[in-house]
Amino acid sequence: MWPLGLCITAFVVVSITHWVYKWRNPKGNGNLPPGSMGWPLFGESLQFFAPNQTWDTPPFIKDRIKRYGSIFRTSIVGLRVIVSTDPDLNYMVLQQEGQRFESWYPESLTKIFGSQNLGSLHGNLFKYLKNMVLTIVGPESLKKTLLEVESVATKSIEGWACKETVELKTACSDMIFDLMGKKLISYDQAKSTENLRENFEAFIGGLISFPLGIPGTAYHKCLQGRKKVMMVLKNMLEERRHKPNMVKNDFFDYVLEELKQNNTTLTEEIALDLMFVLLFASFETISQAIIVAIKLLTDNPRALKELTDEHMTILRKRENPDSGLTWEEYKTMTFTFQIINETLRLANIVPGVFRKVLTDIKFKDYTIPSGWVVMVCPPAVHLDPTNYKDPLDFDPWRWEELGLTAASKTFMAFGGGMRFCVGADFARVQMSTFLHCLVTKYRWQTIKGGEIVRTPGLQFPNGFHVKFFKKDKQIQDPKSEYR
């Protein structure tokens with residue numbers, strides 16, 4: 001007869017072995033996509049979050065495409081995930097929102113963005129909030145905002161040109177935050193006792209990091225950053241309630257009016273989460289895209305020359321060269337839009353889009369089980385040579401044949417389906433206007449930095465330090481006619 005201790009040990013070993021086997025060999029009602037689930041709980045998280053210094057498809061994704069094909073299974077931070085790099089499956093997932101799939105974030109991201117954030121809401125409430133957001137970033141609003149965007153860009157670049165060097169990540173984030181802070185909550189850093197922009201720094205650092213909420217980790221700092229920002233926003237909301245603006249001039253005023261309505265579905269929690277996400281999404285993603293555009297243009301004088309020529313032509317056609325940018329002029333910026341599309345294709349600022357599966361899905365030879373999560377992977381589609389010739393080349397001219405589509409099966413910079421980014425046009429306006437102000441009056445030189453790291457989000461670990469020159473001044477490097 002075995003000793004009791006040996007029996008217990010054997011039982012534990014068998015139980016753990018069985019648990020590990022079940023984890024690594026999940027069951028479904030059909031043929032699951034191939035792949036590895038890694039170790040229980042951790043899955044393949046370490047490989048997924050491993051940093052890499054490349055514009056190419058992340059190694060985690062690329063290696064598994066070679067091994068398993070365009071659709072594979074994995075586990076990330078305990079989640080059962082189907083990764084899709086297949087354009088047809090991606091299209092189905094994004095188009096069938098609310099039918100067979102629903103928008104979903106991992107719990108770690110929900111803690112950061114808030115349980116009532118726009119991406120986690122569904123049905124009529126989502127549509128209601130989407131229409132609210134369109135009041136500030138919709139087409140009619142953009143026409144009125146164009147001169148304001150130009151004014152902020154002009155003032156910012158003028159300030160940069162007075163400095164020996166500028167770290168672009170910080171400078172561009174400050175510029176966009178200055179604009180969006182005023183539009184959303186009438187925030188003026190010079191007059192505020194709270195440095196709202198500074199609080200976002202800790203938030204950004206841990207947004208796409210391993211979700212370990214231990215003090216000292218990037219994720220913990222991210223949660224603390226959110227806590228501070230939300231406290232500031234709540235205090236501002238209370239202050240505005242007691243001292244409302246006589247003239248409704250920002251999004252906060254609009255939100256307050258909605259909260260007063262008897263039949264409103266808006267709550268204070270939803271309103272604050274919405275404000276938080278809008279502040280972050282607007283300045284962080286757009287500033288990243290602007291930096292990448294400058295980096296790519298710096299390395300491609302031909303593209304920079306054609307871009308400059310397009311904008312100088314706009315100035316030459318004006319009766320008054322110093323008059324502000326018009327909507328009609330903005331609509332003529334064809335090559336600029338090509339630059340933006342190509343920048344967003346290469347930058348891949350959003351590494352993945354998550355959707356939860358509501359019912360078993362049959363696709364090709366596979367069954368995607370209900371309850372699993374599908375991660376649509378835009379970088380793998382944007383950098384696939386079957387979709388784009390020489391995909392790692394910065395080639396804005398490729399869009400002459402492709403057409404300036406906002407979304408398609410092979411271009412998902414702004415998502416797709418009913419959750420297509422409501423701020424897509426606003427982002428294009430901001431980028432186009434900034435480039436107009438930059439290339440018509442300034443040249444620049446890279447001083448240091450500019451190297452990228454993906455973790456899997458895009459970062460510039462050493463910054464991107466640049467010196468700006470007014471075009472009427474002699475530039476130090478005679479070879480840099482356009483830089």
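This is a predicted model, so every value here is computed, not measured. All values below were derived from every heavy atom in this structure, side-chain atoms included, with hydrogens, water molecules and symmetry-related copies excluded.
With Glu150 contributing its side chain and Leu325 its backbone, the two residues share a donor-acceptor pair below 3.5 Å. Side-chain atoms of Asn348 never come within 3.5 Å of backbone atoms of Pro351 as a donor-acceptor pair (strictly under, hydrogens ignored). In this structure, Ser370 contributes its side chain and Leu358 its backbone to a donor-acceptor pair below 3.5 Å.
Aromatic pair Tyr442/Trp160: ring centres not closer than 6.0 Å. Here Trp399 and Phe411 bring their ring centres to under 6.0 angstrom of each other. Between Phe337 and Tyr330, a ring centre-to-centre spacing shorter than 6.0 Å is recorded.
Looking at Tyr388 and Leu383, their side chains never come closer than 4.5 Å, going by heavy atoms from C-beta outward. Counting heavy atoms from C-beta on, the side chains of Lys234 and Met230 never come closer than 4.5 Å. With a 4.5 Å cut-off on side-chain heavy atoms, Arg419 and Lys130 do not count as touching. The shortest distance between side-chain heavy atoms of Thr308 and Thr440 does not fall below 4.5 Å. You'll find the side chain of Asn90 reaches within 4.5 Å of the side chain of Met412, heavy atoms only. A heavy-atom distance below 4.5 Å is not found between the side chains of Val376 and Val381.
Cation-pi geometry between Arg443 and Phe468 is not met: the NZ or CZ atom fails to fall both under 6.0 Å from the ring centre and inside 45° of the normal. A cation-pi arrangement is present between Lys409 and Tyr91, with the terminal nitrogen or guanidinium carbon under 6.0 Å from the aromatic centre and inside a 45° cone about the axis.
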Could you go through the side-chain contact (heavy atoms from CB on, under 4.5 Å) check for Met275 and Phe251 one step at a time? CA-CA 9 Å; Met275 203 67 65; Phe251 192 61; 3.7 Å; yes
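Trp397 and Phe335 have tilted rings, their planes meeting at an angle from 30° to 60° on a 0 to 90° scale. Classification of the Phe354-Trp104 ring pair by plane angle, with boundaries at 30° and 60°, yields perpendicular.
Under the 4.0 Å criterion applied to side-chain N and carboxylate O atoms, Glu329 and Lys317 are not assigned as salt-bridge partners. For Lys155 and Asp178, the salt-bridge test fails: no basic side-chain N is under 4.0 Å from an acidic carboxylate O. A salt bridge is absent between Asp309 and Arg316: the closest approach of a Lys/Arg side-chain nitrogen to an acidic carboxylate oxygen does not fall below 4.0 angstrom. Salt-bridge formation is not detected for the pair Lys182/Asp250: no Lys NZ or Arg NE/NH1/NH2 atom is positioned less than 4.0 Å from an Asp or Glu carboxylate oxygen. Salt bridge status for Lys331 with Glu328: absent, with no side-chain N to carboxylate O gap under 4.0 Å. Ion pairing of Glu102 with Arg355 is absent here, as no side-chain N (NZ or NE/NH1/NH2) approaches a carboxylate O to less than 4.0 Å.
In plain terms, the two heavy atoms of Thr343 and Ala289 that are nearest each other are CG2-O, 3.5 Å.
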